[in-house]
Every structure is written in C-alpha cells, then in structure tokens.
Amino acid sequence: MAENTVAEDRLEVIRHSMAHVMAEAVLEMFPDAQIAIGPAIENGFYYDFDLPRPLQTEDLDEITDRMKNIISRDKTFERRVISRAEAARLFAGQKYKLELLEAIPEGEEVSTYNQGGFTDLCRGPHVKSTKELNKDAFKLLSIAGAYWRGKESNPMLTRIYGTAWSSPKELRLYLDHLEDIKKRDHRKLGQELDLFSLHEEAGPGLVYWHPRGARVRMAIEDFWRSEHCKNGYEMVFTPHVGKSWLWETSGHLGFYKESMYPPMEMDSSDYYAKPMNCPFHIMIYQNSKHSYKDLPLRWCELGTVYRYEKAGSLHGLMRVRGFTQDDAHLFCTPEQMDGEITEVLRFSLYMLRSFGFTEIRAYLSTRPEKSVGEQERWDAATEALKRAIENEGLAYEVDEGGGAFYGPKIDLKIKDAIGREWQLSTVQFDFNLPERFKLVFTDRDGVEKRPYMIHRALLGSIERFFGVLLEHYAGSFPPWLSPEQIRIVPVAENFFDYAKAVESRLRKEGFRVSCDLSNDRMNAKIRASQMMKNPYTLILGEKEQQADAVSVRYRGGKQVNGVPTADFIAEVHKAIESKAQV
RNA sequence: GCCAAAGUGGCUCAGGGGCAGAGCAGCUCACUCGUAAUGAGCAGGUCCUCGGUUCGAAUCCGAGCUUUGGCUCCA
C-alpha cells in the first residue's frame, strides 16, 4: 500500500467530516431517516440512508444549502468514548447503527463524534470544527442505490455521493477533471467518430463495429497476430458453441451456469454458446498423445465468447455480453513453467507499451481458501509468477487469497492519459481443467504426467481494450491505429483529379486515406476532417498540383505547406512504424 | 438482479392533456472557393412498447423493454 501524504490524510479527514455534516443535513430534512455508514472515499465521500421517500436530484440542492448552513455554524466535532450500553441507548431506533455497534469487537473502544445537531458512531478522526470545512469546496454529485454492507440479500439503501476538497480551486480542478472524463467517454466518441454502435432492439451488450471502428480493430489484430507469430505462438480457431458434455466436464455448467447463455437444443443435445475458449483448446490438446518433446505448446486465438452479464452491469464496450478475448493457452512441463511465465510477462509488457501505455502495475493473487490443486503446484506457480514480476522490475501488490479457485494469477493494470487504472492483461495458472480433462504428456521417463496449463489474455477483450484506447487517446489515435490516417481536401472542383491521383498513390502505400469530393467549401471539409480527429489532412490546389506536393495540416492545427509528396509518404511511414503519436 | 433517473427524426436536444418542433446530418439546386461550418429549398417522426384514465394522451397512471448513475456480480 502506498503511504498517504500529510495532505492526503488531511483531505480524508475533511471528507469524512463532510459525510457527517451531510448526515446531519439529511436528518434535518428527514428526522425519521435511518442512517448507515458514511466514509471518505477517493475524491470525496458518501453516506448511506434509509429514507422515507426516494430522493430527487433537486433534493441535493436543499441538502447542499443545509450543509453550508451547518458548516457556517462553526460547531466543534466532539469525541466521546462511551460504554456499549450508552451507545445502544443513544442509537436506539437506528437499526443499522446498532448492528455496527454489535460488530465492534469486545474490548475495543466505542466512540462517538458530535458536531452540534448530529452524533455519529464513529472511530474518527475528524476536523476540530466545521469551520475547517470550506463550504465552497464541496459538491454533492449523485444519488445511487447501495446494498447495506454491500450484500445483495440486504436491503437497498440510498447513497449520496459527494466530492470535497480543501479549497474551491481544488474543487474546480476536480470538476474539470470530471468534464474531461465525460468528453473522453468511449460511448460518446464511438458515436461521434462513427466507430461502433449497440442496438437495444437487436440485443443489449452486443457490439456492432462500423467500418471506421473495424479499421482500428484490424490494426490492433494485425499487430497482435504478427507479434504472436514472432513470439512462438500458433493460431487456432475453434467453434462458437459446444455440447453440454464439454461444459459439464470443464465444470462451467456447475459453477457459472447463470452467466451462460441458455442452451440451444438440437439432435437431443444441448449446445451452449462458449463463455470461454479453454475447453476448446483442450479438445485440440486431447486430439493426440503428447511427448515432453512437444511442449511447450502455445496456442492463441481471438476467440469470441458470450456471457450473460446482468442487465444492470452492461456498460458501453467495457462490459458487454459478446466479446473477443485475445486468448492463449500454454501447456508446459514443470521445468518449462518458469521460462514460460517470464516470457509471457515480458510479451504482455511489450504489447501494452506498444499501444502507448507506459505506467503498468502488477497484481499478484495467491491461493484462496476454497480452491483445487496440489499445494506444491500452487507454491511453485506462485513463486514463478513472483520471480517473473521481480525480474521485470515491475511495481506490484500481492492480493493474498485473491486468486481464482483454480490457480494463482498476475493481473496487469495500466494507467491511462488521465490517471485512471484499467485492468488489461491477466496470466493465470489453471490446476482445474487439466485435472478435469485428465490432460497428460509422456515425460522422458515414460511416465504420463500432468502438464501445467497457463491461461492468458494480454489485451483482455478486444472490445474493452478498444474502449480503453479510445478514452486514453480521447479519440485521437496515433497514426498506426487511426481509422483514417489521411484525408484529402481539394481546394475546389478543378483539383479533384489531382486529389484522386494523390489518394490512389497514398492508398498504394497501404495508408488508410480518403478524399473529400463533396460540394462543401474547403473550410467545411477541413473542419469535418478535424472533427474526425484524422492525424493528417492534405489540402491540395493549384500550388500543390504544380509542384507534385501536398500541404499538410496536422491534427493539432499545425500547418506545413508545399511538402513534396514523396517526402510526406516517407514521413507517414516513419510515424506508423514508430507507433508514435503526432 | 437491486435502487434511482431517463427514452421525442440518423445525431444533439426543446416542448408538453387539444395540428409534432429546432440545430446538425441527409437529399436537390446554386456557388468553385487556400486552412474549423456558403446560401436556398426538400424530405424525414407509431414522441420506446403494451395496457389504463380522458371527449381527446407524446404529455397523466400502471406494467414491460432499453439506456444512464450506482450497488451486487465479473470464471
């Protein structure tokens, strides 16, 4: 865990205190409200209530006004240590508070904080007085539902989220940041840049890639394929559906049935859309006997899977019901495991960095209580993962007991251009499937042994990865990924022929290029190209035609006129080759 | 799945118990233009769906679907 700075600690205290002030304001409005918990969180705070009626957005204004009023009363936050019995009396009728009280371990101090009109069961700490809170440095952001103690079986409470800072300026910066996030929203950009769409009438959570989006996807996939070939992988292709035998054997029907699309009955068998590719790769493995000499096997597939994600959790491209995993399965001997893991991690980092992600953190998850597999194998695998991370000099955290039931794993998270973390790569050992499918290889001593099976995805899902890329670049893809690398704008109709000739020349270079032959004026065409965030817009007229040249307008607005066409071609090749942003 | 809000033309949105609106995009015509929107005209809607209330519903009520913000979940 990173250590908090003094300033962060201070903000946390402010936010926590702000939550108390909000609770007081809400109780002023609804004296019968039940109050639950209200912690400080990243950038702000929330408080959960059980209210007599649903809250409207307009209610937030009134709560805000009341909070400002409470802050300006300059009330001291008074801490008291009280007995359990007294606490129980104090919070009589507050069922959630009483439940929290009971959960405090025997022997631990029970404390309350009071800032005038409101007393909360709370460990603290808080600011000394409400005057330390800045009434112009907070904002209530949203109303949401949240289960009491985060458990689905518990009642749903009303949660109010707010953000709080030590000065109005910090608040403004944060609100600007939120605006920035909105501008980068991949759903909005996907619409504006004509990249993809979702159609409720055709099925929620299923993605339609438009031609412009498909060009980016092809660039991603072409790169992915060629790098996999260079790195010792073989491509495989497997079906999209499989009979129930497969899913019974793999255990998916036992554990994850509710997340699978329901079966299609055919020839008195049930067929299921695949939620994972692993069992199919295993079928290929099982097709022949394997010697230790065949291993390691590295089989990759851009495999499209379907999962019945709950309706409420669908989100643009980030959480969908049909998506393509950039999947691979490695089968290896115990001796090969170390080398394979090291190589997978190195390859992952190389791929992520190629797409422009430079800040990468690793998360190592170890054996959970409920799990399968020999302890020896878990230990060996976990150690191999740890060594690989350390070998790469990566910053990492260990999530003890956070692994899947079938094996330990490394997840890689990247930081995007505005500091948000996204999980992309995952490298997981699997001690379950080799057992269930009884995978073996014949070792040099003639004995059949269980191979190690490693499951890995570098980008995660192509859909989600595309969404992350889109937000990271705010739609301004570097040329190698750009759906339209070059757009040609002829100054007037007289130069359409020259424009078309340049277009055809550029297309032969392999560039994604188009020519705007509409009868709009030149200015409108330039604007249209800029709006599509194309890296290069070429303006062609009399001067260019005379000189076999192009005038380049870069995405940022920079202009270079009269560049010889051959020079421009070389420049674009270089930019694509380097994968750099322009 | 749960809590809340929303759903009006391809897009962004206004309106709102009594004739369905705008801008952009599209189409047509004119303009042939030198670095972020030329002008005019035309076309385009089951106001999410199904029920109910009403003389009359896009508008009010109910249910469903979908989306959004969260919660839960994410092999």
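The structure presented is a predicted model; accordingly, all values stated were derived computationally and were not measured. Every chain is numbered from 1 and lettered A, B, ... according to where its sequence line falls, protein lines coming before strand lines. When reading the values below, keep in mind they use all heavy atoms of this one structure, side chains included, and skip hydrogens, waters and symmetry mates.
The nearest whole Å value for the distance from the CZ atom in A:F323 to the P atom in B:C74 is 14 Å. Between the NZ atom of A:K188 and the P atom of B:G69 there is a distance of 14 Å, rounded to whole Å. Between the CG atom of A:L206 and the C1' atom of B:U66 there is a distance of 13 Å, rounded to whole Å. The NZ-C1' distance, from A:K182 to B:U68, rounds to 11 Å in whole Å. The interatomic distance linking A:K370 (NZ) with B:A75 (P) rounds to 15 Å, in whole Å. Rounded to whole Å, atom C1' of B:A75 lies 13 Å from atom CG of A:N277. For the pair A:W422 CH2 and B:C74 C1', the computed distance is 15 Å after rounding to whole Å. A:Q545 places its CD atom 16 Å from the P atom of B:G34, with the value rounded to the nearest Å.
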- Treat primed atoms plus P, OP1 and OP2 as sugar-phosphate and everything else as base, then score nucleotides 35-45 of chain B 5' to 3': B for base contact with protein heavy atoms under 4.0 Å, S for sugar-phosphate contact only, - for none. BBBB-------
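Legend: residues meeting side-chain contact (heavy atoms from CB on, under 4.5 Å) with A:E544, ordered by chain and number and at least two apart, are A:Y498, A:L540, A:S551. In this structure A:F405 satisfies the ring-ring contact (aromatic ring centres under 6.0 Å, His included) test together with A:F255, sequence neighbours excluded. Applying the ring-ring contact (aromatic ring centres under 6.0 Å, His included) criterion to A:F45, with sequence neighbours excluded, gives no partner residue. The side-chain contact (heavy atoms from CB on, under 4.5 Å) search around A:S142 returns A:Y161, not counting sequence neighbours. Taking the side-chain contact (heavy atoms from CB on, under 4.5 Å) definition, one finds that A:Q559 meets it with A:R553, A:N561, sequence neighbours left out. With sequence neighbours left out, A:H16 forms a ring-ring contact (aromatic ring centres under 6.0 Å, His included) with A:H20, A:H126. For A:F465, the ring-ring contact (aromatic ring centres under 6.0 Å, His included) test picks out A:F355, with sequence neighbours left out.
A:F255 comes within 4.0 angstrom of nothing in the nucleic acid, heavy atoms only. If you check every strand for non-hydrogen atoms under 4.0 Å, A:G150 touches sugar and phosphate atoms only. A:H252 comes within contact range of at least one nucleobase, with a heavy-atom separation under 4.0 Å. Across all strands, A:R53 comes closer than 4.0 Å to no nucleic acid atom at all (heavy-atom distances). Within 4.0 Å of A:K543, counting heavy atoms only, lies at least one base atom of the nucleic acid. Within the nucleic acid shown, A:L314 comes within 4.0 Å of sugar-phosphate atoms alone, with no base atom in reach, counting heavy atoms only. Here A:Y161 lies in heavy-atom contact (under 4.0 Å) with sugar-phosphate atoms only.
When each of A:D185 and A:E309 is assigned the nucleotide of RNA chain B with its nearest heavy atom, A:D185 is the one assigned upstream, toward the 5' end. Each of A:E542 and A:Q428 was assigned the nucleotide of RNA chain B with the nearest heavy atom; the assignment lying further toward the 5' end belongs to A:E542.
A:Y536 has its ring centre less than 6.0 Å from the ring centre of A:Y554.
The gap from the P atom of B:U54 to that of B:C71 amounts to 44 Å, rounded to the nearest Å. Nucleotides B:U46 and B:G15 are separated by 22 Å at their P atoms, to the nearest Å. Rounded to whole Å, the separation between the P atoms of B:G23 and B:A43 comes to 14 Å.
In this structure, A:R15 forms a cation-pi arrangement with A:W165, its terminal cationic atom sitting closer than 6.0 Å to the ring centre and no more than 45° off the ring axis. For the pair A:R377 and A:Y452, the distance from NZ or CZ to the six-membered ring centre is under 6.0 Å and the angle to the ring normal is within 45 degrees. Judged by a 6.0 Å distance limit and a 45° cone about the ring axis, A:K274 is not positioned over the six-membered ring of A:Y306.
The salt bridge (charged side-chain N to carboxylate O under 4.0 Å, His left out) pairs that include a residue from residues 513-536 of chain A number zero, where partners must be two or more places apart or lie in different chains.
Applying the 4.0 Å criterion to OP1 and OP2 of B:G70, one finds that A:H315 has every side-chain N and O outside that range.
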Could you list, one pair per line, each protein nitrogen or oxygen that sits under 3.5 Å from a nitrogen or oxygen of nucleotides 1-7 of chain B, together with the distance?
unit_1, atom_1, unit_2, atom_2, d
B:G1, N2, A:Y147, OH, 2.3
B:C2, O4', A:Y147, OH, 3.3
B:C3, O2, A:G145, N, 3.1

All N/O contacts under 3.5 Å from nucleotides 8-12 of chain B to the protein, with atom names and distances to one decimal?
none

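With A:Y96 as reference, A:W148 is the one residue of A:F49, A:Y47, A:W148, A:Y147 to meet the ring pair (Phe, Tyr, Trp, His ring centres under 6.0 Å) rule.
In this structure, A:H472 and A:F357 have tilted ring planes: the angle between them lies in the 30° to 60° band.
Under the 3.5 Å distance criterion, with hydrogens and angles disregarded, no donor-acceptor pair is assigned to the side chains of A:Q530 and A:R487.
Side-chain to base pairing of A:R464 with B:C74: no donor and acceptor N or O lie closer than 3.5 Å to each other.
Contacts with RNA chain B (heavy atom under 4.0 Å) in residues 488-498 of chain A: A:V491, A:A492, A:E493, listed by number.
Between the side chain of A:R159 and the backbone N or O of A:Y46 there is no donor-acceptor pair closer than 3.5 Å.
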